[in-house]
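The structure appears right after this line, and notes come after that.
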Amino acid sequence: MTKSALQIARAAYQPKVPVALKGQVEAVDGEYTQSVADQEEIKKLFPNTYGMPIITFEKSKEAVTLPAINVGVILSGGQAPGGHNVIAGLFDGVKAINKDSRLYGFILGPGGLVDHNYMELTADIIDEYRNTGGFDMIGSGRTKLEETAQFDKGLEILKELGIKALVIIGGDDSNTNACVLAEYYQSINAGVQVIGCPKTIDGDLKNEQIETSFGFDTACKVYSEVIGNIQRDCNSARKYWHFIKLMGRSASHIALECALQTHPNVCIISEEVEAKNLTLDDVVNQIAAVVAKRAADGNDFGTVLIPEGLVEFIPAMKKLIAELNDFLAKNEAEFKLIKRSEQRNYVISKLTKDNSELYASLPEGVARQLTLDRDPHGNVQVSLIETEKLLAEMVGNRLAEWKKEGQYVGKFASQVHFFGYEGRCAAPSNYDADYCYSLGYTASCLIASGKTGYMSSVRNTTASADKWVAGGIPVTMMMNMEKRHGEMKPVIQKALVKLDGAPFKKYASQREKWAVNTDYVYPGPIQYFGPTEVCDQPTKTLLLEQGK
Ligand code: FBP
């Protein structure tokens, strides 16, 4: 593999780790846990892994020699910067347990376990990928592990390779599945522990114990760099409004973090749209009002940040999508037989009155995007819905109406962008490189302590790394019951933007000023080498959440 000078220098970077992980550790039990909601149902579904205590690792003076252990690792779902460092940390951790331990990677996600597609990860391979972005060391995939037949098929290869512990690196759905697998293997005495790691650029897998999912930091920094560049461009040419959609699935954490980093003129927060029961028209009016206001000051340019999941949060759209989800889950085969040109009318004829009317009122392209294949977890693939184009077009139309009514709206010309894939495989920031390595290493400590059904956790990460706290959180603690594919299922509760949380409040206190003034911040590219205040800053979201 030919490498750039930066890649070569970066390969030598030594991730910082919590001090407790430097040497022998012991697992200290904390409080016994309950699920965040629906305790009785979750307890019934997870009799072997429910209610376990929170674990913290502390330095131990006792040197224990453990036997060699074979461990498997899976990358699941969307790419997120730092995945390779989780694997590197895990590798170093299992080798520290015993130098004869082995690590196997399952290829292309959970499907690799079921299809017995794997490779041994040796020191040479790991060293090639230290501190690099991407998931290409073993690849990733979105196969949903949920059937007993898949678990049994997986167990065959785990037994064949003598694997006693499996680490699943994934988002909320993948960690839910990891927990179901842990419960199953425990219930049949399979002798395989299952540990999860919190991954997703979306930032929606977090709670009191899991401060952030890895990749969020780097992805937001990459998007903010580019948003900053666009802002400088539009402040130079002064002729375009840029509508920028940002990945993040349902939650608006990425859009909010990027707004805090770059001070755009408008940032829509889906959770607020839902809480205020806004319609699509209300959102359009809000943006158009800012455009007109800036035009009155002679500023015919600006930036609008749009979270990818917006349409699902507009209450009427949400109802429509929920009915579409259920309807398409139940009638998928019939729907697929309908000619493409007749699908729209077919859907209109099947939906309940209000939903049918709303669906009929949507532009053709958006209506089609709403019926496209769901992901394996039954979610609408929001990244395929072109909300940025929809809003740019609707704002243009609204301004034209206002102009007809005699209002001054200036000149409106728009450019649309969607940032998502650009940031998912970036070389991890120092924060993500350190956090990920520590998460992987902590997973090895959970394995050595015989734990299963736990998620690796590294806390207090806004302090210097020597003050980070490593441990494990029972996955059942994060669960509640939700409707998926038309059925109630136990799932990890998604963390959405809290409107009473410090990050949103900070944004809300500034947005009127940012709307009218041109107060752009240009964060520039991620810096890997240099002063700590430039290179090691966590996200503004995390700093604000921790009162910093
Ligand atoms: P995960 O939840 O699996 O981490 O995926 C994150 C994400 O990047 C979302 O922001 C986005 O909606 C989705 O993946 C896109 O999926 P795909 O990579 O399959 O196009």
Side-chain angles (χ1 to χ4, degrees), residues 74-84 86 108-111 133-136 138-146 168-178 196-206 210 212-224 244-258 270-271 305-313 321 325 369-370 372-388 417-426 428 432 435-436 439 455 478 482 484 491-497 539 541:
I74 296 176
L75 288 165
S76 179
Q79 285 68 254
H84 289 153
V86 179
L108 289 174
F135 279 6
D136 44 325
I138 52 175
S140 186
R142 291 197 183 276
T143 301
K144 193 170 162 63
L145 282 184
E146 57 179 355
I168 299 185
I169 303 169
D172 51 345
D173 285 324
S174 308
N175 274 284
T176 296
N177 297 341
C197 270
K199 168 236 73 167
T200 178
I201 60 161
D202 301 350
D204 58 4
L205 174 47
K206 64 175 170 183
I210 303 295
T212 187
S213 53
F214 78 77
F216 176 67
D217 180 82
T218 310
C220 287
K221 283 177 176 151
V222 172
Y223 304 142
S224 295
I244 305 167
K245 184 175 73 169
L246 292 155
M247 248 190 192
R249 221 186 268 287
S250 303
S252 307
H253 298 293
I254 293 182
L256 179 56
E257 172 63 23
C258 292
S270 305
E271 291 83 345
L305 305 190
I306 304 155
E308 154 177 273
L310 176 64
V311 289
E312 279 187 289
F313 282 78
I321 290 173
N325 280 347
Q369 283 155 7
L370 287 177
L372 292 177
D373 281 348
R374 271 45 189 160
D375 72 10
H377 302 282
N379 304 321
V380 173
Q381 300 192 57
V382 278
S383 60
L384 302 179
I385 300 173
E386 294 178 309
T387 338
E388 69 284 21
H417 315 265
F418 169 36
F419 298 147
Y421 300 99
E422 296 81 347
R424 296 200 313 184
C425 281
D432 271 328
Y435 183 51
C436 289
L439 283 171
M455 189 183 288
M478 306 167 205
E482 282 176 27
R484 294 291 166 90
V491 292
I492 293 178
Q493 200 173 48
K494 243 187 217 317
L496 300 178
V497 169
T539 57
T541 301

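Order of listing sets the numbers, starting from 1, for every ligand and every atom in it. Bear in mind the structure is a predicted one, so any value in this text is a computation, not a measurement.
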Which option out of D202, L75, I201 puts a heavy atom nearest to atom 10 (O) of ligand 1? D202
Spatial distance of atom CG (D173) from atom CZ (R484) [nearest 0.5 Å]: 4.5 Å
Would you mind listing which atoms of ligand 1 come within a distance below 4.0 Å of any non-hydrogen atom of Y421? 15 (C), 17 (P), 18 (O), 20 (O)
Judged by non-hydrogen atoms, does Q79 sit under 4.0 Å from ligand 1? no
Quick check: closest heavy atoms across G141 and P110, and the distance to 0.1 Å? O-CD, 3.5 Å
For ligand 1, is there an N or O atom under 3.5 Å from any N or O atom of G78? yes
What residue among L439, V86, N175 forms side-chain contact (heavy atoms from CB on, under 4.5 Å) with I169? V86
Would you check the N or O atoms of G77, main chain and side chain alike, for any that come under 3.5 Å of an N or O of ligand 1? no
Under 4.0 Å to a heavy atom of G248 - the qualifying atoms of ligand 1, by number: 10 (O)
Set of residues satisfying side chain to side chain contact (heavy atoms under 4.5 Å, CB included) with respect to A80, sequence neighbours excluded: F135, K199, I201, F214
Run down the list M247, R249, K199, E308 and name the one with the heavy atom closest to atom 12 (O) of ligand 1. E308
Any donor and acceptor pair, going by atom type alone, linking the side chain of Q369 with main-chain N or O of E386 inside 3.5 Å? yes
Check: R424 N/O within less than 3.5 Å of ligand 1 N/O: yes
Quick one: side chain to side chain donor-acceptor pair (under 3.5 Å) partners of D432, sequence neighbours excluded? T218
